[in-house]
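Only one structure is covered here, and it is reproduced in the block below.
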Amino acid sequence: MSARQLMKVFVTRRLPQEGMKLLQKADMCDVLVWDSDEPVPREELLKKVEGAHGLLCLLSDRIDAEVLDAAGPNLKVISTMSVGFDHLAIDEIKKRGIRVGYTPDVLTDATAELTVALLLATARRLPEGIQEVKSGGWSSWKPLWLCGYGLSGSTVGVIGLGRIGLAIARRLKPFGVKRLLYSGRQAKPQAQEVDGEHVPLDTLLCESDFVVVSCSLTPETQELCNKSFFTKMKSTAVFINTSRGAVVNQDDLLQALTGGQIAAAGLDVTMPEPLPTDHPLLRLNNCVVLPHIGSATFSTRGIMAQLSANNLLSGLTGDAMPSELKL
Ligand code: NDP
Ligand code: DGY
């Protein structure tokens, strides 16, 4: 194949080797990489994508009509190295007949594991405890010092019992969780495995000691967790979000945490990302914020990179993708 016939691919970030190797050895495409650990600036994205047949992007790249217009009519496949696809303008993409690859399943275990870690760290106040040890605040063993909330005998509510929600439930049950509630558009047969009870959202909020959000971000779930949501929660309840920051109204969460409406919150995702270092949520002892590291294990990120490269290459050759999003 002559260089002229090569298909052009733009990759918006330096990827783990597992993905880069696959792209480098593919002889049907000419691969241009934004060779940095930092996001490609918008104006560079608009330039670099021009004429591309394939685009491999991350969740931090907003792929909207402007980007699609900049790419032009060659673009036939977008592969995102993420399971979430709220950063993609799906209607526009569909209208233009572009195929989309994503990375479900391969990050489910890592994300569920991180969610459990965040829940325990928040409920048992680990960051506060670590800080007290380092700062000399640890004077002696005290009966009520740094007490938190335990899972044993508790009711856990999962909002969005999808792949990750179910994996979280599976991991929490052995801690002695008494009831596992979940909300979502319909009851799920797979909930039986965790004795999950499908309940209306209001019931979940009123009865849960731990509320875990693991749904996808859609127009319906945008700011689902708002003032009225937090008002319905128990004052002793712990709120955990590892889905997307925009599912939460952060001003309302701040009010709920400072006003004693809920006990604590653990967030792996925020609006915006990164959260500015002077954000009021970061001044609260009862709020634990992580930098969107749900899927961040070496092996998971390697597999995600590999899958996104394979999705892209299959899309370019018109073959079935290992994981294609149904549009
Ligand atoms: P799934 O599609 O398997 O699950 C999403 C779930 O959201 C579905 O079960 C769906 O249930 C539910 N849902 C949609 N609308 C609502 C609603 N209105 N109320 C309650 N539930 C709703 O996706 P995954 O489990 O694989 O991933 C879920 C999300 O987790 C991703 O979209 C991404 O945003 C986030 N994520 C975050 C990571 C991190 O690093 N923190 C890592 C990986 C993913 P139903 O259809 O029954 O309504
Ligand atoms: C995703 O895949 O959607 C996560 O947010 C990052 O792994």
Side-chain angles (χ1 to χ4, degrees), residues 13 15-16 19 39 56-61 63 79-88 90 100-119 157-171 181-191 194 196 198-205 208 211-226 229 240-248 266-271 273-275 288-308 311 323 325-326:
R13 200 78 66 88
L15 299 181
L56 199 161
C57 65
L58 304 190
L59 58 91
S60 44
D61 306 308
I63 308 301
S79 170
T80 181
M81 192 179 129
S82 63
V83 65
F85 50 87
D86 48 277
H87 55 299
L88 308 179
I90 293 298
V100 175
Y102 71 142
T103 65
D105 300 311
V106 297
L107 44 56
T108 295
D109 287 346
T111 308
E113 189 175 276
L114 186 281
T115 307
V116 173
L118 177 59
L119 184 150
V158 178
I159 298 179
L161 198 78
R163 289 171 291 248
I164 296 171
L166 183 63
I168 295 167
R170 270 195 212 114
R171 283 161 174 76
L181 313 180
Y182 71 99
S183 70
R185 289 170 292 196
Q186 68 264 328
K188 311 247 174 191
Q190 59 270 35
V194 290
H198 185 238
V199 294
L201 179 61
D202 283 2
T203 308
L204 183 150
L205 296 176
S208 297
V211 172
V212 181
V213 185
S214 57
C215 59
S216 34
L217 172 62
T218 65
E220 200 189 326
T221 60
Q222 176 126 17
E223 299 207 2
L224 174 75
C225 311
N226 55 20
F229 176 106
I240 302 295
N241 182 19
T242 52
S243 67
R244 284 289 183 266
V247 170
V248 176
L267 313 173
D268 182 44
V269 285
T270 59
M271 266 298 275
E273 292 182 0
L275 196 63
V288 178
V289 182
L290 299 179
H292 203 147
I293 52 170
S295 62
T297 70
F298 290 111
S299 78
T300 301
R301 289 287 166 82
I303 294 167
M304 287 168 70
Q306 208 168 24
L307 179 55
S308 13
N311 281 337
S323 284
L325 184 67
K326 286 195 183 71

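Atoms within each ligand, like the ligands themselves, are counted from 1 in listed order.
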* To do: Could you tell me whether the side chain of T221 and the main chain of L224 form a donor-acceptor pair under 3.5 Å?
  => no
* Asked: For A296, does its backbone N or O pair with a side-chain atom of T300 as donor and acceptor, under 3.5 Å?
  ->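 Such a contact is absent between T300 side chain and A296 backbone.
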* Can a salt bridge be assigned to the pair D109 and R171 using a cut-off of 4.0 Å between side-chain N and carboxylate O? ->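 A salt bridge is present here (some side-chain N lies under 4.0 Å from a carboxylate O).
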* Is there at least one pair of N or O atoms, one from G294 and one from ligand 1, spaced under 3.5 Å apart? -> yes
* Asked: Under 3.5 Å between some N or O of ligand 1 and some N or O of V269?
  -> no
What distance separates [X] [atom1] from [Y] [atom2], expressed to the nearest 0.5 Å?
{"X": "S208", "Y": "I159", "atom1": "OG", "atom2": "CD1", "answer": "8.0 Å"}
{"X": "L267", "Y": "H292", "atom1": "CG", "atom2": "NE2", "answer": "12.0 Å"}
{"X": "C215", "Y": "L161", "atom1": "SG", "atom2": "CG", "answer": "11.5 Å"}
{"X": "S79", "Y": "L56", "atom1": "OG", "atom2": "CG", "answer": "4.0 Å"}
{"X": "L119", "Y": "I240", "atom1": "CG", "atom2": "CD1", "answer": "4.5 Å"}
{"X": "R301", "Y": "L107", "atom1": "CZ", "atom2": "CG", "answer": "8.5 Å"}

Under 4.0 Å from a heavy atom of [X]: give me the atoms of ligand 2 that qualify, with their elements.
{"X": "L107", "value": "2 (O), 7 (O)"}
{"X": "S82", "value": "1 (C), 2 (O), 3 (O)"}
{"X": "M304", "value": "7 (O)"}

Determine whether the side chain, the backbone, both or neither of [X] has a heavy atom under 4.0 Å from any heavy atom of ligand 1.
{"X": "E220", "result": "side chain"}
{"X": "S214", "result": "backbone"}
{"X": "L161", "result": "backbone"}
{"X": "Q186", "result": "both"}
{"X": "I164", "result": "both"}

* Asked: Which of the listed options, S82, G165, C215, A187, holds the heavy atom that is closest to atom 7 (O) of ligand 1?
  -> C215
* Would you mind finding which of A110, G184, S243 brings a heavy atom closest to atom 35 (C) of ligand 1? =>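 Of the listed residues, S243 has the closest heavy atom.
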[atom]: nearest protein contact (heavy atom, Å):
{"atom": "atom 7 (O) of ligand 2", "answer": "S295 OG, 2.7 Å"}
{"atom": "atom 37 (C) of ligand 1", "answer": "T242 O, 3.0 Å"}
{"atom": "atom 2 (O) of ligand 2", "answer": "V83 N, 2.8 Å"}
{"atom": "atom 21 (N) of ligand 1", "answer": "G160 CA, 3.4 Å"}
{"atom": "atom 10 (C) of ligand 1", "answer": "R185 NH2, 4.1 Å"}
{"atom": "atom 6 (C) of ligand 2", "answer": "L59 CD2, 3.5 Å"}
{"atom": "atom 16 (C) of ligand 1", "answer": "T221 CG2, 3.6 Å"}
{"atom": "atom 4 (O) of ligand 1", "answer": "G162 CA, 3.4 Å"}
{"atom": "atom 3 (O) of ligand 1", "answer": "R163 N, 2.9 Å"}
{"atom": "atom 11 (O) of ligand 1", "answer": "K188 NZ, 3.4 Å"}
{"atom": "atom 33 (C) of ligand 1", "answer": "R244 NH1, 3.6 Å"}

* Could you tell me whether some N/O pair between H292 and ligand 2 is separated by less than 3.5 angstrom? =>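 Yes; at least one N/O pair falls below 3.5 Å.
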* Asked: Looking only at distance, does G84 have an N or O less than 3.5 Å from an N or O of ligand 2?
  ->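 Yes.
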Output the list of atoms in ligand 1 that are nearer than 4.0 Å to some heavy atom of [X], sorted by atom number.
{"X": "H292", "value": "39 (C), 40 (O), 41 (N)"}
{"X": "D268", "value": "39 (C), 40 (O), 41 (N)"}
{"X": "S295", "value": "40 (O)"}

* Strictly under 4.0 Å, does any heavy atom of R244 approach an atom of ligand 2? ->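 Yes.
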* Asked: With a 4.0 Å cut-off on heavy atoms, is L217 touching ligand 1?
  ->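 No.
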* Are any of the heavy atoms in P104 under 4.0 Å away from ligand 1? -> no
* Contact check, side chains of V194 and Y182, non-hydrogen atoms, under 4.5 Å ->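 The answer is no; the side chains never approach within 4.5 Å.
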* Establish, from distance only, whether the side-chain atoms of S216 and T218 form a donor-acceptor pair under 3.5 Å. => no
